[in-house]
Amino acid sequence: MASTNQSPFYQQAEVKYLNAQTDQDRLKYLEEMIKECPKHKSAEKMLANLKIRRKKLLEKLERSAKTKKGSSSKNAIKKHDLQGVLVGKANSGKSSLLKDLTNTNPFVSEFPFSTRNSQQGMLNYGGVLIQLVESPSIDSDYFDKGVVNTADTILLTITKIDDIQEIESKINNPTAKRIILFNKSDLLNENDKRKIASYLQSKKYNFILVSSESQEGYDELKKKLFSSFGKIRIFTKEPGKLKSNKPIILSPESTVHTVAEKILHGFSKQVSETRIWGPSSKFGGQKVGMNHVLKDLDIVEFKTR
Ligand SMILES: Nc1nc2c(ncn2[C@@H]2O[C@H](COP(=O)(O)OP(=O)(O)OP(=O)(O)O)[C@@H](O)[C@H]2O)c(=O)[nH]1
Ligand SMILES: [Mg+2]
């Protein structure tokens, strides 16, 4: 394909396409070429050819996604302390959520089965790092049972109510917390949204209506995801200074002693005075003892000898 009169972006994509080692990558760069291809009349034929090439490649990928048994190329994901796993049917928008919410840049495509290996990124929730993982869709042979079975929290990514049953029938992790992400909510009118919400409410699901198009529900998603882990965030400070940027993450009912041991590396006996601000304090700067029980978002100040 002649590319001399194409934009440098197109040419770069084409070079990557020609050098790609896997069909997955070929598809990714082909999508880029289509995006960069001029849309005027004289390039119409070229664009049409690219789309035919994309269709063939997709058919090939879909055939192998559905029939391939087992999977040898799975890249194992190292589990972090706080982990949520996106699970859903093909095209439900898992990669789009991963892309929007974390530091990673996964491949998003209008075609199903575009994610073939579990992939992960880190979500920053007010200084707390949460690992978000996308498993390939439940309806492909690449579905990552391992990653779903060990998840702390499963984010069921759905676009219709029936998807919940279908996903549950494919997973086996009774202890993981569940959050239902009703995605693509931008495609619904207010009335539909109300009906869906009241149905999910009546079933006592923990759910959020979200959209990567409008970014609706993202703040609530992060909040619910963090709270699903049942942990509290504690900030520390030194006298006369501002509180730490990053909280430390503890089990509920942790005490001042736990924090002191943690930040003074076992030398909590050196603490001469402790003051606290926040939800567990009666007033800001209250003096407390080592057995004081902390609450989420408390700030603890230690004076040491
Ligand atoms: N309207 C709308 N479209 C969306 C939304 N989220 C994703 N999409 C589109 O849906 C298609 C699938 O998105 P992906 O994020 O690749 O979905 P996925 O679940 O990762 O799909 P597979 O990995 O192929 O199973 C893409 O064309 C997205 O642009 C959304 O909130 N609203
Ligand atoms: Mg995907």
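Atoms within each ligand, like the ligands themselves, are counted from 1 in listed order.
- In the model, H257 has no side-chain atom that pairs as donor or acceptor with a side-chain atom of T255 under 3.5 Å.
- When only non-hydrogen protein atoms are considered, atom 21 (O) of ligand 1 lies nearest to N91 N, 3.1 Å.
- Looking only at heavy atoms of the protein, atom 1 (N) of ligand 1 is closest to D186 OD2, 2.9 Å.
- Regarding atom 31 (O) of ligand 1, its nearest protein heavy-atom neighbour is S212 N, 2.8 Å.
- Closest to atom 9 (C) of ligand 1 by heavy atom, among E110, E213, K184, is K184.
- For ligand 1, none of its N or O atoms has an N or O atom of L187 under 3.5 Å away.
- Looking at P112 against ligand 1, only its backbone comes within 4.0 Å, counting heavy atoms.
- By the 3.5 Å distance cut-off applied to N or O atoms, G93 is counted among the residues near ligand 1.
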Would you mind writing out the side-chain donor-acceptor pairs for residues 87-99 within the sub-3.5 Å range, not counting sequence neighbours?
| unit_1 | atom_1 | unit_2 | atom_2 | d |
| --- | --- | --- | --- | --- |
| K89 | NZ | E166 | OE1 | 3.3 |
| N91 | ND2 | E110 | O | 3.0 |
| S92 | OG | K89 | O | 2.8 |
| S92 | OG | K94 | NZ | 3.4 |
| K94 | NZ | K89 | O | 2.8 |
| S95 | OG | T115 | OG1 | 2.9 |
| S95 | OG | E134 | OE1 | 2.6 |
| S95 | OG | E134 | OE2 | 2.9 |
| K99 | NZ | N105 | OD1 | 3.4 |

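- Residue contact check for ligand 1: S92 places a non-hydrogen atom closer than 4.0 Å to it.
- Neither side chain, N117 nor Y142, offers a donor N or O lying under 3.5 Å from an acceptor on the other.
- Neither side chain, S251 nor S254, offers a donor N or O lying under 3.5 Å from an acceptor on the other.
- Put simply, I180 and V85 are part of the same group of oily side chains (I, L, V, M, F, W, Y) that touch within less than 4.5 Å, one to the next.
- Counting Ile, Leu, Val, Met, Phe, Trp and Tyr side chains that sit under 4.5 Å apart, directly or through other members, L294 shares a hydrophobic cluster with I232, I234, I248, L250, V256, V259, I263, L264, F267, V271, I276, V288, M290, V300, F302.
- L129 belongs to a hydrophobic cluster whose other members, connected by ILVMFWY side-chain contacts under 4.5 Å either directly or through intermediates, are M122.
- The count of protein N, O or S atoms under 2.8 Å from the Mg ion (ligand 2) stands at 3, with waters excluded from the count.
- Closest to atom 7 (C) of ligand 1, if we only count protein heavy atoms, is S96 OG, 3.2 Å.
- A donor-acceptor pair is defined here as one N or O able to donate and one able to accept, closer than 3.5 Å; no such pair exists between the side chain of S114 and the backbone of V108.
- Here is the list of ligand 1 atoms found below 4.0 Å of a heavy atom in A90: 25 (O).
- With ligand atoms numbered from 1 in the order given, ligand 1 contributes 31 (O) to contacts under 4.0 Å with heavy atoms of S211.
- Under 4.0 Å from ligand 1, the heavy atoms of S109 that appear belong solely to its backbone.
- The option from L98, T115, D100, L97 that lies nearest to atom 23 (O) of ligand 1, judged by heavy atoms, is T115.
- At a heavy-atom cutoff of 4.0 Å, ligand 1 is contacted by both the backbone and the side chain of V108.
- S185 and E216 are linked by a side-chain donor-acceptor pair at a separation below 3.5 angstrom, with hydrogens and angles left out of the test.
- If you look at N183 next to ligand 1, the close heavy atoms, those under 4.0 Å, all belong to the side chain.
- Distances from ligand 1 to the non-hydrogen atoms of K99 include no value under 4.0 Å.
- Atoms of ligand 1 found under 4.0 Å from any heavy atom of F111 (numbered from 1 in listed order, with element): 24 (O).
- If you check the side chains of S228 and T153, you find a donor sitting under 3.5 Å from an acceptor.
- H292 and S280 share a donor-acceptor pair across their side chains, judged by distance under 3.5 Å alone.
- Between the side chains of Q131 and Q120, a donor-acceptor pair is found at a separation under 3.5 Å.
- For the residue pair S135 / D144, no side-chain donor-acceptor distance below 3.5 Å is found, with atom types taken as modelled.
- A continuous path of Ile, Leu, Val, Met, Phe, Trp and Tyr side chains, each step under 4.5 Å between heavy atoms, connects L101 with L225, placing both in one hydrophobic cluster.
- Judged by distance alone, the side chain of N173 and the main-chain N or O of A151 form a donor-acceptor pair under 3.5 Å.
- Near E134, the atoms of ligand 1 lying under 4.0 angstrom from a non-hydrogen atom of the residue are 20 (O), 23 (O).
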